[in-house]
Amino acid sequence: IVRRVIERGIGLTLLLLNVIAKSFAQDLVFKQLDSRHGLSHNSVFVTMQDHLGFLWIGTNDGLNRYDGHRFLTFRHDPADSTSLSNNTVRRVWEDRRHVLWIRTEAGLDRLDRATGHFRHYPIPVAFLLQEQDGSILVAGSQGIHRYRAAADSFQRVVKFPLQVTTRSPSEADPVWGFIKDRQGRLWISTQEGRLFAVEGNGSVLQMQSPWRYTMLHWEDDTGKLLIG
């Protein structure tokens with residue numbers, strides 16, 4: 001039986017930012033960057049800074065790389081199969097091997113930095129995590145998939161829905177959080193506040209959060225999961 005204390009983490013970031021703002025308010029300088037400066041679209045879904053210092057910005061009209069001076073924009077080109085799969089970019093991740101993964105409305109892309117070409121994986125993806133051995137796991141409406149580097153493809157290792165009666169997780173109750181704890185359990189949270197812990201042997205424990213749109217943040221040093 002999994003025994004875990006789940007604590008709500010909502011407001012933690014706001015509290016931290018409030019403390020920082022009060023301590024250094026006189027030193028903070030904000031610079032606005034938008035389409036007037038070369039950003040492809042003013043609707044921004046995600047920002048991520050990579051190991052080289054580049055800022056990657058996912059928008060409603062392409063993926064942008066900002067070097068501190070100018071923007072380089074990647075967009076979908078119907079005539080080019082190696083271009084970005086879709087112009088709506090929801091998430092950007094960099095794994096420990098410095099590979100860039102991009103979630104678009106069409107699925108998951110991997111960027112070849114040397115050529116600027118994208119490799120497409122047409123699977124539904126909401127979240128990506130990297131295990132200690134370097135393996136890439138992604139969770140989406142159809143299940144959890146593991147990346148097989150030798151075949152350059154993803155294989156489904158856990159099928160959704162986990163709860164048959166509620167059809168969860170699914171497109172109707174999508175994944176809102178995905179982490180792996182130190183015991184090796186995969187935790188999935190959903191829009192309707194359902195929590196699932198998947199053991200290594202495939203057994204599943206289900207719980208219900210008091211809140212909808214439940215996100216999994218991290219596991220602290222005492223083994224507690226922080227959610228919000």
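Given the structure is predicted, the values throughout are model-derived calculations rather than measurements.
No salt bridge links D50 with R65; every basic N to acidic carboxylate O contact stays at or beyond 4.0 Å. Taking 4.0 Å as the cut-off between side-chain N and carboxylate O, R119 and D112 do not count as a salt-bridged pair. Residues D173 and R167 are not paired through a salt bridge, judged by the lack of any N-O separation under 4.0 Å between the basic side chain and the carboxylate.
Checking side-chain atoms of S83 against main-chain N and O of D77 turns up a donor-acceptor pair under 3.5 Å. Side-chain atoms of R103 do not come within 3.5 Å of backbone N or O of L128 as any donor-acceptor pair. Counting only distance, with no hydrogens or angles, the side chain of T190 and the backbone of R194 share a donor-acceptor pair below 3.5 Å. Between the side chain of E192 and the backbone N or O of A172, no donor-acceptor pair lies under 3.5 Å. Side-chain atoms of R148 never come within 3.5 Å of backbone atoms of F154 as a donor-acceptor pair (strictly under, hydrogens ignored).
For the atom pair L216 CG and F178 CZ, the distance stands at 10.0 Å (nearest 0.5 Å). We find the CZ-CE distance between R91 and M48 to be 10.5 Å, quoted to the nearest 0.5 Å. For the atom pair L63 CG and L111 CG, the distance stands at 7.5 Å (nearest 0.5 Å). If you take CG on L186 and CD on E199, they are separated by 9.5 Å, rounding to the nearest 0.5 Å. To the nearest 0.5 Å, the span separating CG on D34 from CG on N42 amounts to 5.0 Å.
When side chains are defined from C-beta on, F71 counts as touching L33, because their heavy atoms get closer than 4.5 Å. In this structure, the side chains of V198 and W187 stay at 4.5 Å or more apart for every pair of heavy atoms. Put simply, the side chain of D152 reaches to within 4.5 Å of the side chain of Y121, judged on heavy atoms.
When all heavy atoms of G134 and R97 are compared, the closest pair comes out as O-NH1, 3.3 Å. Residue I102 comes nearest to F118 through the heavy atom pair CD1-CE2, 3.8 Å, listed as atom of the first residue, atom of the second, then distance. The two residues V175 and G140 come nearest to each other via the heavy atoms CG2-O, 3.9 Å. Closest approach of L108 and W101 over heavy atoms only: CD2-CE3, 3.7 Å. Pairing each heavy atom of M215 with each of W176, the nearest pair is CG-O, 3.6 Å. Pairing each heavy atom of Q49 with each of L55, the nearest pair is N-CD1, 4.2 Å.
For the residue pair N86 and H76, no side-chain donor N or O sits within less than 3.5 Å of a side-chain acceptor on the partner. A side-chain donor from one of T59 and S40 sits under 3.5 Å from a side-chain acceptor of the other. A donor-acceptor pair shorter than 3.5 Å cannot be found between the side chains of Q155 and R146. Side-chain contact check for T104 and T88: no donor-acceptor pair (N or O, by modelled atom type) lies under 3.5 Å. Under the 3.5 Å distance criterion, with hydrogens and angles disregarded, no donor-acceptor pair is assigned to the side chains of T214 and S189.
Ring geometry, H51 versus H98: the interplanar angle falls under 30°, so the pair is classed parallel (tilted spans 30 to 60°).
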